[in-house]
Q: 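Please read through the structure below; I'll follow up with questions.
Proteins come first, then strands; the chains are lettered A, B, ... in the order of their sequence lines, and each starts at number 1.
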Amino acid sequence: MGQGGGYGGPLEAAGVCQWRIPRSYREDMRVEGLIFADDALIEQIKKDQGPEQVVNVATLPGIQKASLAMPDIHWGYGFCIGGVAATDPEQGGVISPGGVGYDINCGVRLLRSNLEWTDVKERVRPLVDRLFHDIPTGMGQRGRFVFDKPELVRLMEQGASFVVKKGFGTERDVEFAEAGGRLDGADPGRVSDRAIARGADQCGTLGSGNHFLEVQVVDRVLDPAAAEVMGLHEGQVTVLIHSGSRGLGYQVCDDYLKVFKNAPKKYGFSLPDWQLACAPVRSPEGQDYLGAMRAAANYAWCNRQLLTHQAREVFAAVLGKPWESLGMDLVYDVAHNIAKFEEHDVGGGVRKEVCVHRKGATRAFPPGHPEIPAAYQEVGQPVIIPGSMGTASWVLAGQPGSMIHSFGTSCHGAGRMMSRTAAVRLAEGRRIDRELDAIGIIARARGHKGLAEEQPAAYKDVDLVVDVVDKVGISKKVARLRPVGVIKG
DNA sequence: ATGTTC
């Protein structure tokens, strides 16, 4: 199940930046595959097993319309990263932990400020140093917020508002998070004691891998009207936080992959890859996972909220002003590893409630959608796309094309194009932190390996990825953000 | 992504 070898199957040009894998490719496909990419990106995409995974997902019971992949597609556990799949519970549709990802509700949130880059330029090093000192980063790190089991149960039921009520944020933070920072139907009773134990002291910690907290400057505004609504302007300082549900979510995923092992035999279907382990939405196993996944998702929103609180505290301490007077409001918070029930057109004008798996993919609801905050009704949902370390990030706005093409979904990042081991090999004898420093980015990390794995050369060009979703009409460019400081695991 | 193999 490795990443070795490329994809040798068909890819038919199917419109602007779309590539179809027809059902004729493999007889077990229930729907076609569809990948969003331009001519250059599709060549890169073919180099790993991502497209074959799109085909594998197309065999899942109850899948609707097409197995989709965004331009940042690359190989992942079972499902590709950048994958989107909607299943119909009425037709035996399944829920799959591999379609959500190990890091349940991994996501990003963007904070704006009223600080201008020209005013804080000289303070960036102390700012980044203090962020790195105060915010726990790296694998297995514990934080200053420790919750006992009864508190964690309430935290997982209530989501972001639980920690806001404790004084670590505002009601406005809750309003500007996807789903209000809380999925309904969370069932902490379906989260193992082991997962809960792992989560006890990790809420408010960054983690490792591609997780980061970045200080940025708005580099370019491409849609002035939308940027104004989002409170963004050129030269402004922003903060981007990328993290998920830490060890708790990992354990939930691991626990249910084991539970689902026997589901194909029990419910009478077969899978081309055991990593696609899944169970019908309407089965006890499926419902148990959904309850646990939602609980872990709510934990992740609390995690990003506590990280927000700590970032605000650091800015206040270093700049000597309360964070409120620094205008550090939440622009928006998006989940990019999650499964949600939403109503969509599944073809021929038929609307159904489907289970949308987004694994390394971001919801991108268009203007007028009832599930986005009143403030963004006119411009569409902010879609926040973190670039790789040392490269730009993007703010997009959801567009009507997302509802037509991709179950209301856009890309989630640059997308890895080199394995972690290959990236480490490439970094031998180099100091990535010094290379970043030379281009004006202060990077603090616990070790060189993490920096090596996340070096810019290991990722696709985020600008090209964003071009694709913009061209297809899934989401449009609003602003480009460039990093000036980053802390990592 | 992950107390990187309970």
Q: Round to the nearest Å and state the distance from A/Lys258 atom NZ to B/dT2 atom P.
A: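 Going from NZ in A/Lys258 over to P in B/dT2 covers 17 Å.
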Q: Rounded off to whole Å, could you give me the CG-to-P distance for the A/Leu257 and B/dT2 pair?
A: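 It works out to 16 Å between those atoms.
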Q: Would A/Lys47 and A/Tyr7 count as a cation-pi pair here, with the cationic atom under 6.0 angstrom from the ring centre and within 45° of the axis?
A: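 No, A/Lys47 does not sit over the ring of A/Tyr7.
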Q: With A/Thr308, which residues qualify under side chain to side chain donor-acceptor pair (under 3.5 Å), at least two apart?
A: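 Side chain to side chain donor-acceptor pair (under 3.5 Å) check on A/Thr308 returns A/Arg109.
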Q: Tell me, please, which residues at least two apart from A/Asp255 pass salt bridge (Lys or Arg N to Asp or Glu O under 4.0 Å).
A: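 If we apply the salt bridge (Lys or Arg N to Asp or Glu O under 4.0 Å) test to A/Asp255, skipping adjacent residues, there are no hits.
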Q: Applying salt bridge (Lys or Arg N to Asp or Glu O under 4.0 Å), can you list everything that pairs with A/Asp219, at least two apart in sequence or on another chain?
A: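 A/Arg480, A/Arg482.
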Q: Sequence neighbours left out, what passes side chain to side chain contact (heavy atoms under 4.5 Å, CB included) with A/Arg182? Give chain and number order.
A: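 In terms of side chain to side chain contact (heavy atoms under 4.5 Å, CB included), with neighbours along the sequence ignored, A/Arg182 is linked to A/Asp184, A/Asn298.
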Q: In this structure, how many angstroms lie between the P atom of B/dT4 and the NE2 atom of A/His211, rounded?
A: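 It works out to 16 Å between those atoms.
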Q: Between A/Lys488 (NZ) and B/dT2 (P), how many Å, whole number?
A: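 These atoms are roughly 11 Å apart.
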Q: Could you state the CG-C1' distance from A/Asp193 to B/dC6, rounded to the nearest angstrom?
A: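 Checked: the CG to C1' distance equals 16 Å.
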Q: Tell me, please, which residues at least two apart from A/Tyr376 pass ring pair (Phe, Tyr, Trp, His ring centres under 6.0 Å).
A: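 Scan of A/Tyr376 (ring pair (Phe, Tyr, Trp, His ring centres under 6.0 Å), adjacent residues dropped) gives A/Phe176.
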Q: Name the nucleic acid region contacted by A/Gly244, choosing base, sugar-phosphate or nothing; use a 4.0 angstrom heavy-atom cut-off, strictly under.
A: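 A/Gly244: no heavy atom of the nucleic acid under 4.0 Å.
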Q: Between A/Leu248 (CG) and B/dT2 (C1'), how many Å, whole number?
A: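 After rounding, the reported distance stands at 12 Å.
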Q: Given atom CZ of A/Arg446 and atom P of B/dT4, what is their separation to the nearest angstrom?
A: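 Whole-Å distance recorded here is 16 Å.
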Q: Under 4.0 Å, counting only non-hydrogen atoms across every strand here, what does A/Gly101 touch: a base, just sugar-phosphate, or nothing?
A: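 Nothing, no heavy atom under 4.0 Å.
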Q: Taking 4.0 Å as the cut-off, does a side-chain nitrogen or oxygen of A/Ser208 come that near to OP1 or OP2 on B/dT4?
A: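 Answer no for this pair, as no side-chain N or O of A/Ser208 is under 4.0 Å from OP1 or OP2.
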Q: By a strict heavy-atom criterion of less than 4.0 Å, which residues belonging to residues 135-147 of chain A are in contact with DNA chain B?
A: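 Under 4.0 Å from DNA chain B: A/Met139, A/Gly140.
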Q: Could you check whether A/Gln202 gets within reach of a base, just the sugar-phosphate, or nothing at all, counting any heavy atom under 4.0 Å?
A: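 Counting heavy atoms under 4.0 Å across all strands, the contact made by A/Gln202 is with sugar-phosphate only.
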Q: Do A/His412 and A/His242 have ring centres separated by under 6.0 Å?
A: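 When the ring centroids of A/His412 and A/His242 are compared, they turn out to be at least 6.0 Å apart.
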Q: Take the protein atom CZ of A/Arg246 and the nucleotide atom C1' of B/dT4, then report the distance between them rounded to whole Å.
A: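 Atom CZ in A/Arg246 sits about 13 Å away from atom C1' in B/dT4.
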